[in-house]
Amino acid sequence: MEDFLEIAGEKLSNRLFIGTGKFSSYPIMKQALEEAKAQVATVALRRVDESSKTENIMDYIPQKCKVMINTSGARDAQEALRIGRLAKAAGAGNWIKIEVIRDNKYLLPDSIETFKAVEVLAKEGFVVFPYMSPDLSIGRRMVDAGASAIMPLGSPIGSNRGVKTRELIEIMVNEIKLPIIVDAGLGKPSEACECMELGCAAVLVNTAIAVSEDPVKMAKAFSQAVYAGRLAYLSGIPAMGKTARASSPLTGFLREDKPQGDGLASDSQSHNKPQ
């Protein structure tokens, strides 16, 4: 059975979304997107320069890759709205990751300002992906405001610290009906796999791929890890137990009759018998 993630009528078979910042060059970025077979790439509007006479990042996004503009740089809802409208007017589509950050030290999202922007842009026809702290109450408000998916952080942006918010993300996966896409903080493919095993719909990775020694190979590694985690989730991961449980019977396979003679001979003889 085919397994798709469907958002706003788009069917996605690859659940790895890739950010386009920090790559050493646009050609490397393009190779990474192609190697991962990415179907969604996020692009900060400030990096899109349609009037540029030299390189434009949009020329390096594979044709089959959906562009999701992000509002990186917005400090409040009004700035996020302006970025969204500019992106749409520039022909970048209507998929938008709402990212509003006022904290310069930890780059944690302002979920209240994000909510305000979601409320307006969803009504204007945007497909809205709010980046937020993993808070169930705010997440439910985002759903009511018209979000198409929820993007909780795993740990601070660019930190490569992994899924420090695991328990809160797990609550959101269980309680929110929209796709949960972990964004920010994933540093290793195994952490992306962990998110997918939890039941997340997708993950978004940028720094860990872009700044690795070989971004192209790392993109492929993340893609395969996401697939493995998704497959494990669909397979039904067994629950953890507090005590040991043998994988094969501990009794009934040894002969119960006592060996004859000194025992050693009998043991030796028994080795020659088929089990």
Side-chain angles (χ1 to χ4, degrees), residues 14-48 57-58 60-62 65-74 83 95-110 114 129-134 149-166 169 180-196 198 200-227 229:
N14 190 330
R15 293 164 182 268
L16 171 64
F17 296 7
I18 297 182
T20 54
K22 299 184 180 177
F23 283 91
S24 59
S25 70
Y26 289 157
I28 293 292
M29 179 199 76
K30 183 180 181 183
Q31 287 180 50
L33 291 170
E34 290 174 340
E35 188 68 26
K37 297 182 172 56
Q39 292 178 298
V40 178
T42 62
V43 180
L45 181 64
R46 59 188 174 185
R47 302 183 66 224
V48 178
I57 188 172
M58 300 301 280
Y60 292 86
I61 304 293
C65 203
K66 183 84 180 175
V67 172
M68 178 197 290
I69 289 293
N70 78 55
T71 64
S72 172
I83 292 171
W95 279 37
I96 186 165
K97 171 188 164 187
I98 306 295
E99 181 179 313
V100 179
I101 294 176
R102 299 161 66 92
D103 160 48
N104 291 327
K105 184 174 182 180
Y106 296 103
L107 300 179
L108 295 174
D110 185 326
T114 301
F129 300 76
Y131 167 63
M132 57 174 286
S133 296
I150 305 296
M151 304 184 82
L153 59 88
S155 51
I157 288 175
S159 66
N160 295 332
R161 296 186 63 201
V163 198
K164 298 301 180 187
T165 57
R166 177 189 166 110
I169 287 174
I180 301 297
I181 302 170
V182 173
D183 178 10
L186 302 184
K188 294 179 289 191
S190 58
E191 293 159 356
C193 185
E194 178 184 356
C195 292
M196 300 308 297
L198 287 178
C200 294
V203 299
L204 194 158
V205 181
N206 186 168
T207 300
I209 294 174
V211 306
S212 65
E213 292 183 8
D214 189 333
V216 178
K217 282 185 181 174
M218 187 61 82
K220 185 176 182 178
F222 265 99
S223 183
Q224 293 182 350
V226 166
Y227 176 74

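Sequential numbering from 1 along the given sequence is applied to the chain's residues. Side chains included, hydrogens not; waters and symmetry mates left out as well; all remaining heavy atoms used.
Nearest heavy atom pair, residue Cys65 against residue Ala38, reads SG-O, 3.6 Å. Across all their heavy atoms, Ser72 and Ile83 have their closest contact at O-CD1, 4.3 Å. For Ala32 against Ala219, the heavy-atom pair with the smallest separation is O-CB, 3.4 Å. Looking at every heavy atom in both residues, Cys195 comes nearest to Leu186 through SG-CD2, 4.0 Å. When all heavy atoms are compared, the tightest approach of Pro62 to Leu33 is CD-CD1, 3.6 Å. Across all non-hydrogen atoms, the minimal contact from Met196 to Val226 is CG-O, 3.6 Å.
The CZ atom of Phe23 sits 6.5 Å away from the CD1 atom of Ile18 when rounded to the nearest 0.5 Å. For the atom pair CZ of Arg15 and CG of Leu204, the computed distance is 14.5 Å after rounding to the nearest 0.5 Å. Note that CD1 of Ile169 and CD1 of Ile181 are 12.0 Å apart. Values are rounded to the nearest 0.5 Å. Distance CZ/Arg102 to CG/Leu108: 13.5 Å, rounded to 0.5 Å. Once rounded to the nearest 0.5 Å, the distance linking CE of Met151 with OG1 of Thr42 reads 7.5 Å.
Under the rule for a side-chain hydrogen bond (donor to acceptor under 3.5 Å, both in side chains), the partners of Lys66 that lie at least two apart in sequence or sit in another chain are Glu10. Applying the ring pair (Phe, Tyr, Trp, His ring centres under 6.0 Å) criterion to Phe129, with sequence neighbours excluded, gives Trp95. In this structure Lys220 satisfies the salt bridge (charged side-chain N to carboxylate O under 4.0 Å, His left out) test together with Glu35, sequence neighbours excluded. Partners of Tyr227 according to the ring pair (Phe, Tyr, Trp, His ring centres under 6.0 Å) rule, which considers only residues two or more places apart in sequence or in another chain, do not exist here. For Gln39, the side-chain hydrogen bond (donor to acceptor under 3.5 Å, both in side chains) partners are Ser13, not counting sequence neighbours. Applying the side chain to side chain contact (heavy atoms under 4.5 Å, CB included) test to Lys188 and every residue at least two apart in sequence or in another chain returns Ser190, Glu191. With sequence neighbours excluded, the residues forming a side chain to side chain contact (heavy atoms under 4.5 Å, CB included) with Ser223 are Asn14, Leu16, Ala36, listed by chain and number.
Listed by first then second residue, pairs satisfying side chain to side chain donor-acceptor pair (under 3.5 Å) with a partner in residues 202-214 read Lys22-Thr207, not counting sequence neighbours.
Each of Ile69, Asp183, Thr71 was evaluated against Lys97; a single residue qualifies, Asp183, per the side chain to side chain contact (heavy atoms under 4.5 Å, CB included) test.
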Using residues 152-165 as the side-chain source, report each donor-acceptor pair under 3.5 Å to any protein atom, sequence neighbours left out, with the distance given to one decimal.
| from | atom 1 | to | atom 2 | distance (Å) |
| --- | --- | --- | --- | --- |
| Ser155 | OG | Ser159 | OG | 3.4 |
| Ser155 | OG | Gly162 | N | 3.4 |
| Ser155 | OG | Gly162 | O | 2.8 |
| Ser155 | OG | Gly185 | O | 3.4 |
| Ser159 | OG | Pro156 | O | 2.7 |
| Ser159 | OG | Arg161 | N | 3.4 |
| Thr165 | OG1 | Leu153 | O | 2.7 |
| Thr165 | OG1 | Gly154 | O | 3.4 |

If you apply the rule side-chain contact (heavy atoms from CB on, under 4.5 Å), what do you find for Tyr26 with Thr20, and how did you get there?
CA-CA 9 Å; Tyr26 289 157; Thr20 54; over 6 Å; no
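With a 4.5 Å cut-off on side-chain heavy atoms, Gln224 and Cys193 do not count as touching. Under the 4.5 Å side-chain criterion, counting only non-hydrogen atoms from C-beta, Pro109 is not in contact with Val100.
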